[in-house]
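What follows is a single structure, written as structure tokens, with notes after it.
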Number of protein chains: 2
Amino acid sequence: MVDYYKTYSKFYLALDCIIFGFDKGELKLLLIKRNISPMKGKWSLMGGFMDIGETLDDAAKRVLFQLTGLTKIYMEQLKVFSELNREPDERVISVTYYALIRSSDYNKINAEKHNASWQSVSEVPELVFDHNQMVNEALEKLKRKSRSQPIGLELLPHKFSLPQLQQLYEAIFQQKLDKRNFRKKMLSTGLFKREVTSDQQIGRNGTFIYSFDKKKYNELIAKGFVLDI
Amino acid sequence: MVDYYKTYSKFYLALDCIIFGFDKGELKLLLIKRNISPMKGKWSLMGGFMDIGETLDDAAKRVLFQLTGLTKIYMEQLKVFSELNREPDERVISVTYYALIRSSDYNKINAEKHNASWQSVSEVPELVFDHNQMVNEALEKLKRKSRSQPIGLELLPHKFSLPQLQQLYEAIFQQKLDKRNFRKKMLSTGLFKREVTSDQQIGRNGTFIYSFDKKKYNELIAKGFVLDI
DNA sequence: CCAAAAGTGTTGACCGTACACCCATGA
DNA sequence: TCATGGGTGTACGGTCAACACTTTTGG
């Protein structure tokens with residue numbers, strides 16, 4: 001029975017993570033300078049190889065943890081890349097994941113240790129292999145998904161201002177939005193709770209702080225609600 | 001250099017195809033009764049293993065061709081399934097593709113040879129391994145994508161009537177639609193050309209036949225048009 | 001005191017939705 | 001002749017988009 005499998009080929013399986021962040025009104029990517037061959041010294045996505053005994057999701061989490069030290073990060077499988085010569089020396093199939101990191105977690109990342117740095121998505125450098133293509137696919141997916149679901153919130157701190165939220169969507173969709181219409185639309189969902197706070201770190205005095213009511217959101221979703229930003 | 005890879009594990013890579021069709025107002029799946037172990041005699045998606053020297057897209061096309069004899073079929077990568085024990089005897093990572101087949105191509109398929117048969121998506125039998133989960137993911141994807149893009153048209157003959165088109169969307173979205181509003185919306189896009197035809201095969205006499213203007217659609221898309229059915 | 005950023009409502013246009021009857025055909 | 005299925009238009013309500021001024025604060 002088991003012999004049945006033996007006629008088939010086996011492949012190396014890699015994971016590559018497209019790690020998004022949002023800071024100072026800009027959408028960013030966490031990139032590393034490779035310190036291993038091949039392509040040592042070139043800019044690259046953070047990646048790794050899959051081990052026996054873990055699922056792809058596990059492996060992606062592990063790779064992200066190695067770079068950032070963070071757990072409980074929003075991650076989602078994107079696409080598999082399998083072109084014959086995508087890596088020069090060996091046939092490697094790469095499964096991509098994209099991850100969304102809150103800027104409030106930035107300082108926890110030991111970026112120097114991995115030669116990692118945040119770079120604006122509007123100026124992505126040339127990356128190794130097919131990594132630029134991976135980044136483009138991830139950006140498209142982020143845009144598409146942001147239109148119908150509030151995943152963008154995974155990029156903001158748990159408490160945020162409406163101007164911050166608007167900047168985020170402007171960065172994702174790459175277009176200016178009308179302030180009054182944006183506020184109206186967001187607040188009309190009833191999913192944003194205004195926080196009573198004396199915290200002055202977010203914006204200037206007079207700026208209202210909100211949090212997202214995830215519980216209420218899930219209840220609405222269960223009733224067939226569609227966000228549609 | 002190349003030794004660098006040698007510390008990593010290799011995996012069997014399988015392809016599984018979720019093959020949709022549309023006939024007599026019903027959305028269907030092409031399923032096979034497995035004639036090989038493991039799970040011989042059980043219902044299953046059509047699948048196969050990836051070979052050295054082909055990409056995943058190539059392999060998916062090959063698998064689909066083996067079953068249906070059809071080429072130039074709409075196919076898209078869906079998701080990778082990698083649970084540790086998803087197949088009982090060996091660790092196999094499976095990449096799923098979904099395919100959309102026009103009912104006018106049905107008769108070209110030599111279904112008996114592969115123990116294949118079309119079954120309604122509303123009555124999917126119990127399938128081997130995690131194939132039911134694959135089908136559910138594919139259905140969700142088909143729904144989501146149909147809302148913004150006319151991929152459903154890949155399931156219809158090139159010439160079709162508006163009632164046919166409406167039935168298709170009703171089958172995909174699992175809900176009744178208003179006839180007049182549906183027609184208005186579709187025709188207002190200007191993407192459907194009424195054909196002058198004496199062909200009586202589609203519907204009854206008096207039924208207008210349309211075709212989709214793909215060229216015009218691509219032009220509109222390029223200008224930022226979003227279909228939004 | 002001046003520049004920059006946050007807060008706040010109204011209106012007109014457009015789109016989505018609800019809804020009923022006639023005609024032709026085939027059983 | 002009757003049941004089935006295809007074709008057709010209007011009116012109401014709601015949502016989206018455009019638009020300007022005041023206040024506060026930090027430099």
Side-chain angles (χ1 to χ4, degrees), chain A residues 22-26 146-148 150 156-157 159-171 173-211 220 224-229, chain B residues 22-26 146-148 150 156-157 159-171 173-211 220 224-229:
Chain A
F22 178 71
D23 192 32
K24 300 191 182 66
E26 269 194 321
S146 295
R147 229 169 273 285
S148 59
L156 287 183
K159 297 189 178 183
F160 52 85
S161 69
L162 282 182
Q164 269 184 305
L165 185 62
Q166 184 175 347
Q167 279 185 352
L168 171 66
Y169 279 107
E170 287 176 342
F173 297 137
Q174 305 241 56
Q175 63 174 328
K176 280 277 167 197
L177 301 171
D178 180 271
K179 202 197 330 182
R180 280 171 290 190
N181 293 337
F182 182 81
R183 300 174 73 87
K184 208 189 316 169
K185 198 164 188 174
M186 288 298 131
L187 296 179
S188 73
T189 63
L191 293 172
F192 295 89
K193 284 185 300 194
R194 189 185 282 194
E195 298 280 317
V196 282
T197 176
S198 55
D199 187 343
Q200 301 298 18
Q201 292 193 328
I202 305 173
R204 346 175 307 153
N205 213 346
T207 308
F208 293 117
I209 301 305
Y210 293 83
S211 66
L220 283 178
F225 169 84
V226 178
L227 196 125
D228 193 24
I229 293 169
Chain B
F22 178 71
D23 191 33
K24 300 191 182 67
E26 269 194 319
S146 295
R147 229 168 273 284
S148 59
L156 287 182
K159 298 189 177 184
F160 51 86
S161 68
L162 281 182
Q164 270 183 306
L165 185 62
Q166 184 174 347
Q167 279 185 352
L168 171 65
Y169 279 108
E170 287 177 342
F173 297 138
Q174 306 240 57
Q175 61 173 329
K176 279 278 167 197
L177 301 171
D178 180 272
K179 202 195 333 179
R180 279 172 291 189
N181 294 335
F182 182 80
R183 299 174 74 88
K184 206 190 317 169
K185 197 162 188 174
M186 288 298 130
L187 296 178
S188 72
T189 64
L191 295 171
F192 296 88
K193 285 185 299 197
R194 189 186 282 195
E195 298 281 317
V196 283
T197 176
S198 57
D199 188 343
Q200 301 298 16
Q201 292 194 327
I202 304 174
R204 340 174 316 151
N205 213 344
T207 307
F208 293 119
I209 301 304
Y210 294 84
S211 66
L220 283 178
F225 169 83
V226 178
L227 195 124
D228 194 23
I229 294 168

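Per chain, numbering begins at 1; letters A, B, ... match sequence-line order. Excluded from the calculations below are hydrogen atoms, water molecules and symmetry mates; all remaining heavy atoms, backbone and side chain alike, are included.
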Whole angstrom is fine here: how far is it from CD in A:Q166 over to P in D:dA17?
-> 13 Å
Do any pairs count as a salt bridge (charged side-chain N to carboxylate O under 4.0 Å, His left out) and have a residue in residues 177-191 of chain A, sequence neighbours left out, and if so which ones?
-> none
For A:E170, the side chain to side chain contact (heavy atoms under 4.5 Å, CB included) test, sequence neighbours excluded, returns A:Q166, A:K176, A:L177
For B:L227, check side chain to side chain contact (heavy atoms under 4.5 Å, CB included) against everything at least two apart and list the hits.
-> B:P150, B:L191, B:Y217, B:F225, B:I229
For the pair made of CG in B:D228 and P in C:dT17, what is the distance, rounded to whole Å?
-> 10 Å
Got a sec, which residues hit side chain to side chain contact (heavy atoms under 4.5 Å, CB included) with B:S211, two or more places apart in sequence or on another chain?
-> B:K193, B:E195
Could you tell me which residues satisfy side chain to side chain contact (heavy atoms under 4.5 Å, CB included) with B:R194, sequence neighbours excluded, listed by chain and number?
-> B:F208, B:Y210
Find every protein N or O atom lying less than 3.5 Å from an N or O atom of nucleotides 8-11 of chain D, and list the pairs.
| unit_1 | atom_1 | unit_2 | atom_2 | d |
| --- | --- | --- | --- | --- |
| D:dT8 | OP2 | B:R183 | NH2 | 3.3 |
| D:dT10 | O4 | B:K184 | NZ | 3.0 |

In whole angstrom, what separates A:M186's CE from C:dA6's C1'?
-> 17 Å
Whole Å only: how far is the CZ atom of B:F182 from the P atom of D:dG6?
-> 12 Å
Atom-pair distance (CG on B:L227; P on C:dG16), nearest Å = 11 Å
Take the angle between the ring planes of A:F192 and A:F160 and call it parallel below 30°, perpendicular above 60°, tilted in between.
-> perpendicular
Mind calculating the distance between CG (A:L177) and P (C:dG7) to the nearest angstrom?
-> 16 Å
How long is the line joining CD of B:Q167 and C1' of D:dT4, in whole Å?
-> 13 Å
Rounded to whole angstroms, how far apart are CD on B:Q175 and C1' on C:dA18?
-> 15 Å
